[in-house]
**Q** 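Before anything else, here's the structure in question.
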Protein chains: 2
Amino acid sequence: MSTASLAFSGAGPIAAATRQRVLDAAAALDYSGPNPLGRQLRRGRSGIVGVVVGDSLRRSFRDPVAIQVLDGLVSTLGPLDLGVLLIPGSSDPSGPAVDPLLETAAMDVAVIMWGGTTDDPMLGALRRRGTPTVLVEGQHAPDVASVGIDDRGGMRQATEHLLELGHTRIATVTLPFDRCRGEGLVSPDEMDHLSWEITRRRLAGVTDAGVTPVAIWATPASLVEHGRSAGVALLTGADRPTAIACQSDLLASGVVLAARELGLRVPEDVSVSGFDGLDLPWLAPDVLTTVVQPLAEKGAAVGHAVEDFLSGAGPSTRELPVTLRIGTTTGPAPDVS
Amino acid sequence: MSTASLAFSGAGPIAAATRQRVLDAAAALDYSGPNPLGRQLRRGRSGIVGVVVGDSLRRSFRDPVAIQVLDGLVSTLGPLDLGVLLIPGSSDPSGPAVDPLLETAAMDVAVIMWGGTTDDPMLGALRRRGTPTVLVEGQHAPDVASVGIDDRGGMRQATEHLLELGHTRIATVTLPFDRCRGEGLVSPDEMDHLSWEITRRRLAGVTDAGVTPVAIWATPASLVEHGRSAGVALLTGADRPTAIACQSDLLASGVVLAARELGLRVPEDVSVSGFDGLDLPWLAPDVLTTVVQPLAEKGAAVGHAVEDFLSGAGPSTRELPVTLRIGTTTGPAPDVS
DNA sequence: CTTCCGTATCGAATCGATTCGATCGTGCGC
DNA sequence: GCGCACGATCGAATCGATTCGATACGGAAG
């Protein structure tokens, strides 16, 4: 048995003749090579990284941001002989709080893609199991690794850019506030229920720039259609804002489309800024002013955090820089009469 | 030990008091519940379905078709306590032909999403390992399960629709021909190198309708940009076609955009048909004439094929129907003078 | 011819849970 | 009061590969 193991794994000394003899015998018995489960049990490692993608796959994967990060992650994990197991996030509130896979699947490390809420039941389940966890864009905790970007600083830069252009009536369109994913204007007392960390940080960036938004509109997800309805709502009311800072490019492009539909010129009548730095060909000829984050690098950073755990190091923290890219969707504030 | 097992699994008779005593002891020893690897080894099942998504994740996941099928699959597999392991397809020809995960990862069943080429090295690797395999849109083989749609009939319907509108000069834009993914007009002798089954079938549908395309343009992937360049090429030459039947909606919408850019009216100057039945909001106000395939059901069908394997049944074959949806992008052929 | 050394092969324990059969204890019926 | 039956608990084998220590075999040096 041990010789056969050597013959297949190649580790340890073995005569070429013996190796061949083992391989022939294997073929005769149609033994198809070592069973991964045995190896994994013995090694104490499954070689699997569980990745929790936001709610339903369909919704998550419509977001190019998620996909590009996932792509960067898989590219980094591949050479380490690690596989990615897809774990759906908690989709509907009526069902179980965490997917059963999170409780029972074999995985060496877990990644929560949109870290989100501070009291996440998924995080609790993973702690209970003792699974090392990497949190992307979540609230930092001492026992988890964190990967994030400078959300706050980026949003501050974008807002300052709008200020420099002379805007004073600035509205903002945000990512979801909490798991309920309500849509609409946010009243002051709802600000307390802001459990989604990424939303909080980007909102804080606006405040950092010294701006109090004339309106805060929360969306259920980062999708063009939600940006569009936000845009319609914000741009048809009285006291129209002259600039709208959005927390994602998809939302921003929805707002631009809404403005066009309403007969408003961008950026002459209203300026719009985004966040992420996606390619948005269908906005042509406009180019969105946005905060560019390094998406593939973010995925790679997650991969390195995973690597750290597997090499025995403790939880690590990585923050990636962002840069402001000025496009054609922001311009000087219109004269107010 | 056996009592502890019973206490955790819940199977078999156990007194509530004993159960509690076991749980307390577990907490005291900070034992975090049964190790999945042990269970999997004993059961002989990993609970994992390996899914090979076309080449690089980034490219695959930009295709809404892939995502919707994957979503349907995950939804079906979830209740069966099965997880999806992402396996990148062979991305570049210089690297290894199959991803190492395909050779070494533990999985009960494998799914090849875009079955593609007849001599697929991945299929060989899976056969060698003895892993039951589900092929989506691939060439049927006796030892694999197949899930597909009526590609040929659907394309035939779309082409017949164009014929009824009086079109005689019909061009077609196809999915990739082989792993090399060349782009451009297809010469007759290249037809022999058509190793991608889905492309072959949809092309056969055109022929079934009695049409010999005036031009066949192959693309490297089902993306809007490739449709656009195909459209530009086909619509600027002499002897412009009056109708273009495309093998995917993304390609078709690229062709529509190209036509608009060239100042051609759709459908007055040129009719365009697609395949898939996606929502394409950015084509508004146009609605694409297309062959609608049930994407989520396709994913579910894959899930059922997996289920069949796990319940001991042999490889099954499923073919789903398609329907022609007439939109606003096809109309009567213009008068030829 | 004996001894020593290095290489190739073999034995056996181990990873952790499951599960069938065996044992133990108790309550009930006769 | 005795035996039987049933329900709860325990022992031990098993899944399959890995790996450390031990053994056997070959040649080379003394």
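In what follows, every chain begins at residue 1, and chains take the letters A, B, ... in the order their sequences are listed. Both backbone and side-chain heavy atoms feed into the values below; hydrogens, waters and symmetry mates do not.
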**Q** Counting N and O atoms only, with roles assigned by atom type, does the side chain of A/Arg318 sit under 3.5 Å from a partner on the main chain of A/Ile149, one being a donor and the other an acceptor?
**A**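 No; judged by distance alone, with no hydrogens or angles, the pair does not exist.
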
**Q** Under 3.5 Å, which donor-acceptor pairs do the side chains of residues 75-87 of chain B form with other protein atoms, sequence neighbours left out?
**A**
residue: B/Ser75; atom: OG; partner: B/Asp71; partner atom: O; Å: 2.8
residue: B/Thr76; atom: OG1; partner: B/Gly72; partner atom: O; Å: 2.8

**Q** Measuring from atom CG of A/Asp120 to atom CD of A/Gln139, what distance do you get when rounded to the nearest 0.5 angstrom?
**A**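 A/Asp120 CG to A/Gln139 CD: 11.0 Å, rounded to 0.5 Å.
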
**Q** Nearest 0.5 angstrom please: B/Arg19 CZ to B/Leu23 CG, how far?
**A**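 Going from the CZ atom of B/Arg19 to the CG atom of B/Leu23 covers 5.0 Å.
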
**Q** List the residues meeting side-chain hydrogen bond (donor to acceptor under 3.5 Å, both in side chains) with A/Arg128, not counting sequence neighbours, and say none if there are none.
**A**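 Listed in chain order: nothing, the list is empty.
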
**Q** Side chains of residues 35-44 of chain A: which donor-acceptor pairs under 3.5 Å do they make with residues two or more places apart or in other chains?
**A**
residue: A/Asn35; atom: OD1; partner: A/Leu37; partner atom: N; Å: 2.7
residue: A/Gln40; atom: NE2; partner: A/Ser46; partner atom: O; Å: 3.4

**Q** Within the distance-only criterion (no hydrogens, no angle test), does the side chain of A/Thr199 pair as donor or acceptor with the backbone N or O of A/Pro176 below 3.5 angstrom?
**A**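 Yes; at least one donor-acceptor contact below 3.5 Å.
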
**Q** Any side-chain heavy atom of B/Trp196 within less than 4.5 Å of one from B/Leu175?
**A**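 Counting from C-beta outward, B/Trp196 and B/Leu175 never come under 4.5 Å.
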
**Q** What string of B, S and - do you get for nucleotides 19-24 of chain D, 5' to 3', when a contact is any protein heavy atom under 4.0 Å?
**A** B-----

**Q** Using both pair distances under 3.5 Å as the test, note the stems of at least 3 consecutive Watson-Crick or G-U pairs that include DNA chain C.
**A**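 So far as stems of 3 or more pairs are concerned, DNA chain C shows C:1-30 with D:1-30.
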
**Q** Check B/Met122 against B/Gly89 and note the closest heavy-atom contact, atom names and distance.
**A**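 Shortest heavy-atom separation between B/Met122 and B/Gly89 comes out as SD-CA, 4.5 Å.
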
**Q** Residues of residues 21-41 of chain A with any non-hydrogen atom less than 4.0 angstrom from an atom of DNA chain C: list those, numerically ordered, please.
**A**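 The stretch gives A/Leu41 as the residues lying under 4.0 Å from the strand, ordered by number.
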
**Q** Both B/Ala17 and A/Phe8 contact DNA chain D. Taking the nearest nucleotide for each, which residue is further toward the 5' end?
**A**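 Of the two residues, B/Ala17 wins.
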
**Q** With a 4.5 Å cut-off on side-chain heavy atoms, are A/Leu123 and A/Thr133 touching?
**A**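 They are in side-chain contact.
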
